[in-house]
Every structure is written in structure tokens, then in C-alpha cells.
Amino acid sequence: MRRLGGLFDEMVSSPALWRAWRTFRRGKRGRSSVRSFEVDAERHILRLHRELAVGSYRPRGYRLRLIVEPKRRLIAAAPVRDRVVHHAVHQALAPALDRRLVEQTYACLPGRGSHRAVLAFLVALRRYRWALQLDIRHYFLSIHRPTLLHLMERSVKDRRVLELLTVIAESGEGLYAGEAARSFLDLEMGFPPPGCGLPIGNLTSQWWGNHYLSGADHFVLRELRVGAYQRYMDDLTLFDDSRERLVEARDRLARWLGEERRLRLKRPDAEARRATGAFSYLGYRVSRRGVEPLPAALARARHALGERVRAGSVDSLERSIASVRGWLGFPHGG
């Protein structure tokens with residue numbers, strides 16, 4: 001596999017940072033932090049370029065925000081300047097590295113996404129007799145940063161790019177160590193261990209989270225050889241006509257995750273279920289009859305739409321309406 005090199009100068013150039021800024025601000029121009037950056041964007045971009053070019057750039061910390069729906073999370077909001085850097089890194093590396101992901105992974109990738117994942121789930125459900133759904137315990141908080149950076153080094157040979165990736169990855173060290181954060185997330189003492197955890201909310205974290213399990217994708221496809229497999233971030237689903245084969249695959253996959261990625265399944269004893277039943281998947285109820293949104297997910301969509309109507313943000317409202325239309329127009333049955 002050819003390693004990428006000669007990327008740094010272009011990645012941190014002023015034109016690249018401007019592209020990253022324009023990409024980031026889409027749909028966010030009503031936010032006060034974005035308006036403040038935009039007022040003096042030229043100076044901010046120039047300063048970022050200089051800091052990155054000489055190696056003095058350092059992230060400025062995060063603001064934690066509590067989320068309880070659809071599950072309890074602490075979103076780490078980075079300052080606008082740092083999020084521009086995240087977008088610059090992503091736009092430089094993702095086009096080449098994302099092509100190396102298997103076609104059975106769907107999260108955070110152009111042309112894929114949750115709708116395609118749900119349709120693939122439906123196709124496999126109609127084809128096989130059994131399905132086994134697995135996910136990772138505290139996934140983003142469990143990602144081992146040295147292992148992640150080693151994986152990046154296997155794909156990227158530019159030393160300055162790797163140094164920047166290290167700075168970004170390490171920026172979340174200790175972020176979830178406070179008593180309030182630990183209590184909210186119900187974390188036991190000593191977790192996450194040293195060297196583990198990525199800020200939940202960064203574009204880079206989402207992107208890295210997808211790549212961190214790429215090796216698991218290859219292990220399942222090459223070694224376990226179940227009937228069908230797909231992954232959406234840390235949600236992994238295996239399909240087969242043999243329940244016993246799925247249980248064996250679950251145990252072998254759990255060992256691989258622990259040995260190769262220092263991860264644990266949330267439910268290591270998860271049972272395979274008959275494909276004739278209904279499954280909850282990515283906000284939808286999926287059965288052989290078709291797909292429909294879960295009531296809780298619809299309620300969240302209605303609430304979000306109402307909030308944006310009250311806020312009066314035109315861009316945000318238009319995106320919300322498009323999202324709801326997409327849900328209501330999702331194919332059923334067939």
C-alpha cells in the first residue's frame with residue numbers, strides 16, 4: 001500500500017485553509033462564534049497558516065455540551081479556528097484514504113451514509129436466516145491514540161502531517177476525566193485509561209473512528225466469512241444462515257478487537273436473532289416487510305424542526321425540512 005507524502009505545504013496553505021473555512025461555515029453562519037471569526041477571517045486564516053507552517057499551532061481547548069438524545073453523550077465543541085484545521089486535514093487526506101475502506105462500511109462517507117446502510121441491512125435481512133448486531137463499549141473514549149497514530153503512519157509518510165495529527169489527537173487528553181463528565185457518562189474509575197479517547201464532536205474524530213475499525217472489516221470479510229457483514233461506525237452487523245457460525249464469529253471478533261484495537265464489545269454475549277423479526281437500526285425499524293422511522297426518532301426530528309423554526313435560522317430550517325422529507329420519503333416494503 002503506497003504511503004502518502006508531500007502533503008503538508010498544500011494542506012496548510014492559505015487557499016486550503018480558506019476552502020476548509022468555507023466548508024465548515026456552511027449552515028453555521030448564524031452562530032455567534034462563526035460570525036465573530038468571519039468578521040476578521042482573513043487575519044485568522046493568515047495567523048493559522050503561519051502557526052501551522054512553523055509548527056507552533058496548538059488547539060485552544062474544548063467546551064463540553066451535554067446531550068441526552070438519542071443517547072447520553074458529551075459533545076466536545078472546539079473553537080472555530082481549530083475546526084477549520086480539522087477540515088483542512090480531512091480535505092487533504094480523506095479523498096485518498098477513504099478509498100481504502102471496504103464497501104461494507106457506511107458512516108461519514110460520500111455516496112453512502114445511513115440510508116444506504118439501512119437498505120443494505122434490509123437486503124441482508126431478507127436473504128439470511130439470522131442476524132447478530134454488535135457495538136463497541138464507549139467507542140470514542142476507548143480509541144487508543146498511539147494505535148490510531150500508528151495506523152495513520154502506515155498510510156502517511158509526511159512527518160509534518162503526522163506531527164499535526166498527533167497534536168490534534170492529543171488535544172482531548174483528560175477531557176472526560178472531570179467528576180461531572182464521569183458522572184454524566186457513568187464511567188468507572190480509571191476509564192478511559194491513559195492514551196485513550198478522542199473528543200466526541202470533532203470531524204477528525206469521526207473520520208478517525210471510521211478508519212480505526214477498518215482492520216476489523218477486513219478480519220470479518222477475510223477470516224470469519226459470514227454470509228453478509230456491514231458496519232456503521234461502531235455498529236457492526238453479521239448475517240448468516242447458521243446461528244452457531246454467528247456466535248463463533250462474535251467470539252473471534254471480540255478477541256480480535258481486544259488484541260488489535262484494545263476495544264471491548266458492549267454486549268459480549270449478544271445473541272443472534274432470527275431475521276424474521278424486527279430490528280432497530282440507525283433510527284429505523286427494519287423488518288423483512290420494509291423500513292419505517294422509530295417513534296422516538298420521529299419525535300426528535302419534530303423537536304429539532306420546532307427549535308429551528310423558533311430560532312428563525314433559514315439555512316438551518318431548510319436543512320431540517322430536507323432531513324424530515326428524506327425520512328418520510330424513505331422506501332417502505334417492496
Side-chain angles (χ1 to χ4, degrees), residues 1-4 93-94 96-109 112-114 116-117 120-121 123-125 127-156 169 192-193 195-198 205-273 275 279 281-282:
M1 180 174 63
R2 187 174 67 87
R3 297 168 70 207
L4 303 177
L93 298 180
L97 298 190
D98 286 355
R99 288 198 294 268
R100 300 175 183 179
L101 294 170
V102 301
E103 63 182 16
Q104 289 86 355
T105 188
Y106 292 89
C108 308
L109 292 168
R112 302 192 199 181
S114 60
R116 285 186 178 272
F121 191 101
V123 169
L125 209 58
R127 181 175 179 183
Y128 295 97
R129 296 173 56 197
W130 297 88
L132 176 59
Q133 292 178 287
L134 304 169
D135 59 351
I136 308 298
R137 175 182 174 274
H138 294 310
Y139 179 51
F140 283 96
L141 299 188
S142 300
I143 292 175
H144 186 239
R145 294 190 298 272
T147 299
L148 169 68
L149 293 168
H150 174 68
L151 294 174
M152 288 291 103
E153 190 174 358
R154 288 168 55 181
S155 298
V156 178
C196 290
L198 294 177
S205 296
Q206 290 291 114
W207 183 62
W208 278 330
N210 211 12
H211 280 265
Y212 195 69
L213 285 176
S214 177
D217 297 336
H218 288 282
F219 176 72
V220 173
L221 295 173
R222 295 176 181 175
E223 302 294 331
L224 302 186
R225 296 181 178 275
V226 294
Y229 164 78
Q230 66 181 76
R231 177 172 66 87
Y232 194 91
M233 195 56 73
D234 64 316
D235 291 324
L236 306 90
T237 310
L238 292 74
F239 303 87
D240 203 89
D241 286 329
S242 168
R243 175 183 176 277
E244 291 73 20
R245 190 178 296 123
L246 288 181
V247 171
E248 180 187 358
R250 176 200 67 193
D251 295 341
R252 291 181 62 190
L253 177 58
R255 286 195 296 272
W256 187 95
L257 290 168
E259 294 168 0
E260 300 295 332
R261 295 294 184 270
R262 304 190 182 200
L263 300 172
R264 287 191 285 169
L265 294 176
K266 183 180 294 184
R267 294 180 298 122
D269 58 349
E271 291 289 340
R273 295 176 52 200
F279 293 77
Y281 187 63
L282 302 181

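This structure is a prediction, so every number in the text was calculated from the model and none was measured. Index from 1, following the sequence.
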Closest non-hydrogen atom pair between R3 and R154, with its separation: CG-O, 3.3 Å
Going by side chain to side chain donor-acceptor pair (under 3.5 Å), name the residues that satisfy it together with R137, two or more places apart in sequence or in a different chain. E188
Write out all pairs satisfying side chain to side chain donor-acceptor pair (under 3.5 Å) with one or both partners inside residues 252-266, taking only residues at least two apart or from two chains. D135-K266, H144-R262
Measuring from L148:CG to H150:NE2, what's the distance to the nearest 0.5 Å? 11.0 Å
For A270, is there any backbone N or O sitting under 3.5 Å from a side-chain donor or acceptor partner on R250? yes
Sorted by chain and number, sequence neighbours left out, salt bridge (Lys or Arg N to Asp or Glu O under 4.0 Å) with D251 holds for none
Does a side-chain heavy-atom distance below 4.5 Å link R100 with S155? yes
The criterion is side chain to side chain donor-acceptor pair (under 3.5 Å); which residues satisfy it with H211, sequence neighbours excluded? D98, W207
Between L265 and A254 the two heavy atoms that sit nearest each other are CD1-CB, 3.8 Å
Please give me the minimum heavy-atom distance between A120 and Y106, naming the atom from each residue. CB-OH, 3.2 Å
Using a 4.5 Å cut-off on heavy atoms from C-beta on, say whether the side chain of R112 contacts that of T105. yes
Could you tell me which non-hydrogen atom of A131 sits nearest to which non-hydrogen atom of L125, and how far apart they are? CB-CD1, 4.1 Å
Would you say L236 and I136 make side-chain contact, with heavy atoms under 4.5 Å? yes
Filter on salt bridge (charged side-chain N to carboxylate O under 4.0 Å, His left out), then keep only pairs touching residues 229-247, sequence neighbours left out; what's left? D217-R231, D240-R245, R243-E271
For Y281, what residues pass the side chain to side chain donor-acceptor pair (under 3.5 Å) criterion, not counting sequence neighbours? Q230
The criterion is salt bridge (Lys or Arg N to Asp or Glu O under 4.0 Å); which residues satisfy it with R225, sequence neighbours excluded? none
Locate the shortest heavy-atom distance separating G209 from F140; write the atom from each residue and the value. CA-CE2, 4.1 Å
Within the structure provided, determine whether V226 and L132 are in side-chain contact (heavy-atom separation under 4.5 Å). no
Can you tell me how far the CZ atom of R145 sits from the OH atom of Y212, to the nearest 0.5 Å? 10.5 Å
Distance from L134 atom CG to L246 atom CG, nearest 0.5 Å? 9.0 Å
Quick one: does any side-chain atom of R129 pair with a main-chain N or O of A275 as donor and acceptor, under 3.5 Å? no
In short, ring pair (Phe, Tyr, Trp, His ring centres under 6.0 Å) pairs touching residues 222-247 with sequence neighbours left out are F121-F239
Rounded to the nearest 0.5 angstrom, the CE-CG distance for M233 and L282 is 11.0 Å
For the atom pair CG (L198) and OG (S142), what is the distance rounded to the nearest 0.5 Å? 10.0 Å
